[in-house]
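Below is one structure, written out as structure tokens, with a few remarks after it.
Quick note: residue numbers are just sequence positions, from 1. One-based numbering, in listed order, for ligands and for the atoms of each.
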Amino acid sequence: MIIAIDGPAASGKGTLGKRLAAHYHFRHLDTGVIYRAVAKALLDARIDLGDEAAAVAAAMELDPEKFGDPVLKTQAVGDAASVVSAYPKVREALVTFQRQFAAEPPGAVLDGRDIGTVICPDADVKIFVVAAPEVRARRRTLEAKARGEVADEALVLADILRRDDRDKNRAVAPLKPAPDAHLLDNSHLDIEGGVRAAIAIVEAVRAGRQRV
Ligand code: C5P
């Protein structure tokens, strides 16, 4: 079984996907980390983010062993990720890795922006997670502070709005729900509530299938 979690609020530290995967004993891939790793490679080498060829080269040389690097979670890397992720060839270079991950048994949860629309259009369950930008800004600020970073909530909100706009309006794989995605608004849910709501969606889809 493949579960696709997309949406502007899909990752939030990858918690929802990770928890859902643990619940079903599936494997989990936070695909935002892949784009963040590409961005970090450019930032580390002081290469301009506008250098598409360098971004493609970085995408082809990714080392999944480094996906746990905490620096990947910073705002600066996230912002740079949304720039490099708009390059069609960067996205193309990362498709096979993601599909192979999804196909391996016993099942997988992938979270990102285009899992249900592009990477796994045949996913068994698709969940599109949204939350009010102000709520996401508060959460991201608290996460950043917990990591010891300085974070100004108003600036974090501006960054979120800019990034969402870039993700939604890019030409390739823009952020949008698949027609068969189930909407999950977690603005008023804590992590536990979000996980419960996601499990309820998966179970409803499974039950619906069994009846057919
Ligand atoms: O989810 P996260 O904040 O880690 O993603 C960082 C950026 O990577 C997003 O703003 C988006 O531009 C890009 N991304 C993407 N497709 C994905 C996952 C992330 O374009 N599947």
Side-chain angles (χ1 to χ4, degrees), residues 2-18 20 28-43 49 52 55-56 58-59 62 64 66-102 108-121 123 126-131 133 135-137 139-144 147 149 151 156-178 181 184 186 194:
I2 297 174
I3 302 175
I5 305 179
D6 290 301
S11 53
K13 288 201 288 179
T15 316
L16 178 61
K18 206 189 231 164
L20 205 54
H28 172 241
L29 181 64
D30 170 6
T31 63
V33 164
I34 310 178
Y35 295 93
R36 286 170 180 263
V38 172
K40 182 175 179 289
L42 264 61
L43 294 174
L49 295 174
E52 184 171 355
V56 175
L62 276 190
K66 294 187 186 151
F67 287 173
D69 183 348
V71 174
L72 293 178
K73 287 291 168 197
T74 59
Q75 287 285 135
V77 174
D79 200 33
S82 112
V83 175
V84 298
S85 69
Y87 297 136
K89 286 193 178 130
V90 166
R91 305 199 70 85
E92 229 175 272
L94 301 170
V95 168
T96 308
F97 172 79
Q98 295 175 80
R99 287 192 181 147
Q100 275 173 355
F101 186 97
V109 178
L110 278 77
D111 53 56
R113 301 291 188 285
D114 64 339
I115 308 303
T117 49
V118 176
I119 303 296
C120 303
K126 300 179 186 179
I127 304 175
F128 196 82
V129 191
V130 295
V135 173
R136 291 165 57 210
R139 290 174 183 161
R140 294 249 175 175
T141 306
L142 292 174
E143 284 170 19
R147 285 193 301 265
E149 290 173 39
V156 173
L157 176 60
D159 174 71
I160 283 175
L161 294 174
R162 187 175 58 238
R163 211 190 302 178
D164 282 358
D165 185 59
R166 199 150 55 204
D167 291 348
K168 283 180 196 157
N169 293 307
R170 66 185 174 210
V172 178
L175 171 62
K176 61 164 193 237
L184 170 52
N186 71 14

Determine yes or no for a side-chain-to-main-chain donor-acceptor pair under 3.5 angstrom, with Lys89 supplying the side chain and Val56 the backbone.
no
Ser85 pairs by side-chain hydrogen bond (donor to acceptor under 3.5 Å, both in side chains) with which of Arg163, Arg170, Arg36?
Arg170
Closer than 3.5 angstrom, by distance alone: can the side chain of Asp6 be matched with the main-chain N or O of Ile115 as a donor-acceptor pair?
yes
For residues Ser82 and Arg166, is any side-chain donor paired with an opposing acceptor at under 3.5 Å?
yes
Give yes if a backbone or side-chain nitrogen or oxygen of Arg91 is under 3.5 Å from a nitrogen or oxygen of ligand 1, and no if not.
yes
Could you check Asp159 against Arg162 for salt bridge (Lys or Arg N to Asp or Glu O under 4.0 Å), going step by step and ending with a plain yes or no?
CA-CA 5 Å; Asp159 174 71; Arg162 187 175 58 238; 3.0 Å; yes
Please assess Ile119 against Thr31 for the test side-chain contact (heavy atoms from CB on, under 4.5 Å), listing each intermediate value before the final yes or no.
CA-CA 10 Å; Ile119 303 296; Thr31 63; over 6 Å; no
Ligand 1 atoms in contact with Arg163 (distance to a heavy atom under 4.0 Å):
3 (O), 10 (O)
Identity of the nearest option to atom 7 (C) of ligand 1, non-hydrogen atoms only, from Ala4, Ala81, Gly7:
Ala81
Side chain or backbone, does Asp30 bring an N or O within less than 3.5 Å of an N or O on ligand 1?
no
Answer yes or no: does an N/O atom from Gln98 fall short of 3.5 Å to an N/O atom of ligand 1?
no
With respect to Arg36, determine whether any N or O atom, backbone or side chain, lies less than 3.5 Å from an N or O atom of ligand 1.
yes
By number and element, which atoms of ligand 1 are closer than 4.0 Å to a non-hydrogen atom of Asp167?
9 (C), 10 (O), 11 (C), 12 (O)
Tell me which part of Ser85 gets within contact of ligand 1: side chain, backbone, both or neither, using heavy atoms under 4.0 Å.
side chain
Under 4.0 Å from any heavy atom of Gly32, which atoms of ligand 1 are there?
4 (O), 5 (O), 18 (C), 19 (C)
List ligand 1 atoms under 4.0 Å from Arg140, heavy atoms only on the residue side.
3 (O)
Given that the side chain starts at C-beta and the backbone is N, CA, C, O, which of these parts of Arg170 lies under 4.0 Å from ligand 1, counting heavy atoms, or is it both or neither?
side chain
For Phe67 and Asp30, run side-chain contact (heavy atoms from CB on, under 4.5 Å): C-alpha distance rounded to whole Å, both residues' side-chain angles, the deciding distance at 0.1 Å, then the answer.
CA-CA 9 Å; Phe67 287 173; Asp30 170 6; over 6 Å; no
Check: Arg140 side chain, Ile160 main-chain N or O, donor-acceptor pair, under 3.5 Å
no
